[in-house]
Asks: 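This structure is in structure tokens; I'll ask about it shortly.
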Amino acid sequence: MDPKYHPRLIEPKWQKCWNDHGLFDADHGKARERHYVLEMFPYPSGNLHMGHVRAYVIGDVLARYYRMQGFDVLHPMGWDSLGLPAENAAIRDGIHPKQRTEQNIKSVRRQMKSLGLSLDWSREIATCDPSYYRWNQWFFIKMYERGLVYRRTSLANWCTGCLTVLANEQVVDGICERCNKPVVQRQIPDWAFRITRYADELLDDLGKLNLWPERIVSMQRNWIGRSEGVELRFPIKDNGSDHIEIFTTRADTVYGATYVVLAPEHAMVAKLTRSEQKSRVEAFVAEMSKIERARRTDAGAKKEGVWTGSYAINPFTGEEIPIWIANFVLADYGTGAVMSVPAHDQRDYEFAKQYGLPIRIVIQPQPSGEVEKHLACSDLSQAFTEDGVLYQSEKHTGLSSAQARIQIAKQAERQGIGGITIRYHLRDWGISRQRYWGTPIPMVHCEVCGIVPVPIESLPVLLPEQAPITGTGEAPLAKVPEFVNTDCPKCGKKARRETDTMDTFVDSSWYFARYLDPGEEDLPFKRESADRWLPVKIYVGGPEHAVMHLLYFRFWTKVMRDMGLVSVDEPVERLLTQGMVVGESFWCESHGYRSRDGVDDPESSEPKCTECGRTLRVRLEKMSKSKLNGVAPESMCEQYGADTARLFSLFAAPPEKDVEWNDRAVAGCYNFLRRIWVFFLRHHQRVEGYRDFAGPLDESGLSLELIALHRSLHRTIAKVTADIEKEFQFNTAIAALMELLNGCKVLDDEVDGFAEGVDPDRKQKTEQLLFMVLKNMVLLLSPFAPHVADELWKNLGMSGFAGEQPWPKFDPQATQEDTIQMAVQVNGKVRATIDVQREASEDEIRAQVEKNEKVQKWLEGKSIRRVIVVPGRLVNIVVG
RNA sequence: GCCGGGAUGGUGGAACUGGUAGACACAAGGGACUUAAAAUCCCUCGGCACUGAGUGCUGCGCGGGUUCGAAUCCCGCUCCCGGCACCA
């Protein structure tokens, strides 16, 4: 055994060895119970960062642990390799996306392997491979047949930076989440998935996800944004047949609706505009279309609008009320039209004040003295938006808001002018992208037949090798005549192919199922494989995918279920969203982000820029290249080894929390592995004769310290098992292993004593204990630090791999102490501790407590009122 | 504003169904070894007070409550983080 711990020597060796033995291939024993462990697959961007490392190591520990627990584990990896970054890079430096992607995959795969991840590489997939994306096309056509895909011309989010259409989910505060440029509204024809058809189920089934983090569930609920309300038709004055449809959640305020407002984009605007208002309305509409969504929808923006010149009739009061258009009404929510109740809606209130529209109070706070206060105040300073009691609302007056909403909805239904409706914030998923590096949409536009899907048997529609990638916003595929020009599959006449490609979220919506049968040619995957492996038992990834990816992922699963491909309702049983890896960033006013090398004394409280001497702003930020605060996993592996990198990313914090990268603490983890190494170095030869010893250990004749160590061993097994299994508390599991090692010092001392000659029976038992400690320590360590574990396993003279061994079991008997330390409290404060026999009765404990001098001191001159004995824990004496 | 999550030493973090707060690690201080440094090993380490092995008080964001006993349960606040938001 090498006297020094050299991770760089042992790690590549074992990685190769595992690979040669196909140790991590799934489906070894078909009879065993199965466990599908999945981490979100990466976009192959050339280099892994620490965030990836953390996610993959977490998943890897679980995969290795479950294997040792006897499960048949599927732990695959692949590449989310279509998408904008490769295309943008191609525009920048002229390398074809395919070439770049292949290089990157190679490099990232190598980095993953050097982390010792226990992946089944025989199932590797890449979404840019036609054998993958043909199934995107297959799904697209199947979904088209089911009415889940449709062509629409709609207001789309047009990114002024990427020059392409974005999904709602990709727009954050009116800004493109990718390039940070403004997003504007444009009428663009595109393809969309009807995810809204599943809105209810996506919402309801959140209730089944009880092993998902609450905040993710809550974010999804928020995003789906179900609201129950009433749709009402407001007839238009002097036009008997026409009406405006509005949506409201506050039908109880309908008697206070004193005007109607439409979104500027509303289809009826032109029809409703009277000639005398025409110029003003048109100018306003034109102006609005120019304003980017960010400013339009900013809550702080000034309310603006114009009157159309027309009137509607409030169907409940019969009053004529003016029809306006305004910036604060959105075309794509509800019906794009609202009834305005200025007394009870803050936006309507502000608008009414500004344009002198009537305000009528129809809700009173509560039937108390406060009513008068409100009513007396004819000019409200703001809207009263809470529920209350109806006022001046004809026969509904006096009802509570809740009651009134039901009554008014019923009345509307009876009169045939509306009824209860449910609206969602969730919109259909627009998937058309005017980009090259994506899945071609398998549709043909024929002048005779219209839109015709490509027949399933002619899939895949291959992405042409070359296309002019200019980034100008027009679909690159439209400029490739060989691609565009085709024959209509229906009539055979000349036709044109669709030239948009699919959003890459399509790829990641079902990849988890492709791993089941990556080579399958007739279907995306086999039903029997799906039944064998799904749902995914544990899915690990970053919380940044809480909304988009996970929602689409769930949607797709439900669609696949309805297509008869899978039998599960939800793709993932348990979700683990790991925290970010953050690092200290240094920012200089004049030189921007500075690397540590560009900082004078990074440890001080006021670090200075080496260029200009300015005091730098210090922050903890997600590690990134641009912020120069990252640590590359590769250099980490070179310096300390993969095992240390793995250990640190698990030990620094519980998995859901952010971890701050700390070089010193990393060294601490390295030190732990080194100390284990030294411990084995010292003892491994001594246990040569005990390789078959499987316990139980006879403790008689052993010193109390050694018995304590034996107990500690069993407790550690119990603790590590529970920590992994129950809560994924890898940090405390590793702490327990450190504690065990710390406790092993007694073995060193004991063994030192052997030189002077010792009772052979005692020596044998000690060596048996030593062996059990060494063996189990390796096995417990192996999911976390697999390379060093296998090296130590070999040095112990054991055969096979540590990771193939059954997970250690503990003996509950052996975890029990004969004497237990109990705390003695007097009036709830700890005053003494006593040692009692484990089986001691309450009376015996009381007797012992009474004898205790320290306790007596506190009882002096007081009378005992009550004594509480919590077996095995403490005694509390209540005195007065 | 709405929805979620959180607050424990100098730091990252432990603490089973309410039961000895601060495991484990980092940093810091002291010591051993060494010509010296590094490395390694050992000791101390929430705060305050007292001459001491020690003892007492105090301490889990703040204020109340329940309880023999609260970091943990309940009520009321403060602050921080994440998400959503002119969504009618």
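Protein chains get the first letters and strands the later ones, always in sequence-line order, with residue 1 at the start of each. None of the values given here were measured: they were computed from a predicted structure.
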Asks: Dot-bracket, 5' to 3', for RNA chain B please: Watson-Crick or G-U pairs under 3.5 Å, [ ] where pairs cross earlier ones, | where the partner sits on another strand, dots elsewhere.
Replies: (((((((..(((......[....))).(((((.......))))).(((((...)))))..(((((..]....))))))))))))....

Asks: Using the ring-ring contact (aromatic ring centres under 6.0 Å, His included) criterion, which residues pair with A/H243? Sequence neighbours excluded.
Replies: none

Asks: May I ask you to check whether over 12 heavy atoms, not counting those of A/R865, lie within 6.0 Å of atom CZ?
Replies: no

Asks: I'd like to check the ring-ring contact (aromatic ring centres under 6.0 Å, His included) partners of A/F284; sequence neighbours left out, ordered by chain and number.
Replies: none

Asks: Who are the side chain to side chain donor-acceptor pair (under 3.5 Å) partners of A/D663, not counting sequence neighbours?
Replies: A/W661

Asks: Below 4.0 angstrom, N of the basic side chain to O of the carboxylate: do A/D204 and A/R226 qualify?
Replies: no

Asks: In chain order, what residues pass the side chain to side chain donor-acceptor pair (under 3.5 Å) check against A/T248, with sequence neighbours excluded?
Replies: none

Asks: List the residues meeting salt bridge (Lys or Arg N to Asp or Glu O under 4.0 Å) with A/D345, not counting sequence neighbours, and say none if there are none.
Replies: A/R347

Asks: Might you list the N or O atoms of the protein lying below 3.5 Å from N or O atoms in nucleotides 54-60 of chain B, with each pair's distance?
Replies:
from: B/rC57; atom 1: OP1; to: A/R831; atom 2: NH2; distance (Å): 3.2
from: B/rC57; atom 1: OP2; to: A/R831; atom 2: NH1; distance (Å): 2.9
from: B/rU58; atom 1: OP2; to: A/K829; atom 2: NZ; distance (Å): 2.8

Asks: Which residues pass the side-chain contact (heavy atoms from CB on, under 4.5 Å) test with A/M580, sequence neighbours left out?
Replies: A/V582, A/K622, A/D658

Asks: One character per nucleotide, please: for nucleotides 9-19 of chain B, 5' to 3', B when the base has a protein heavy atom closer than 4.0 Å, S when only the sugar-phosphate does, - otherwise.
Replies: ---SSSSB--B

Asks: Using a 3.5 Å cut-off and no angle test, enumerate the donor-acceptor pairs between side-chain atoms of residues 209-219 of chain A and protein atoms at least two apart in sequence or in another chain.
Replies:
from: A/W212; atom 1: NE1; to: A/V572; atom 2: O; distance (Å): 3.2

Asks: Is it the case that A/T644 and A/Y5 place a side-chain donor and acceptor less than 3.5 Å from each other?
Replies: no

Asks: Classify the ring geometry of A/F730 against A/F728: parallel below 30°, tilted from 30° to 60°, perpendicular beyond 60°.
Replies: parallel

Asks: Extract all donor-acceptor atom pairs below 3.5 Å that involve side chains of residues 665-680 of chain A and protein atoms in other chains or at least two apart in sequence.
Replies:
from: A/N671; atom 1: OD1; to: A/R674; atom 2: NE; distance (Å): 3.3
from: A/N671; atom 1: OD1; to: A/R674; atom 2: NH2; distance (Å): 2.3
from: A/R675; atom 1: NH1; to: A/N742; atom 2: OD1; distance (Å): 3.3
from: A/R675; atom 1: NH2; to: A/N742; atom 2: OD1; distance (Å): 3.0
from: A/W677; atom 1: NE1; to: A/D2; atom 2: O; distance (Å): 2.8
from: A/W677; atom 1: NE1; to: A/K4; atom 2: O; distance (Å): 3.4

Asks: What nitrogen or oxygen pairs link the protein and nucleotides 79-81 of chain B at under 3.5 Å?
Replies:
none

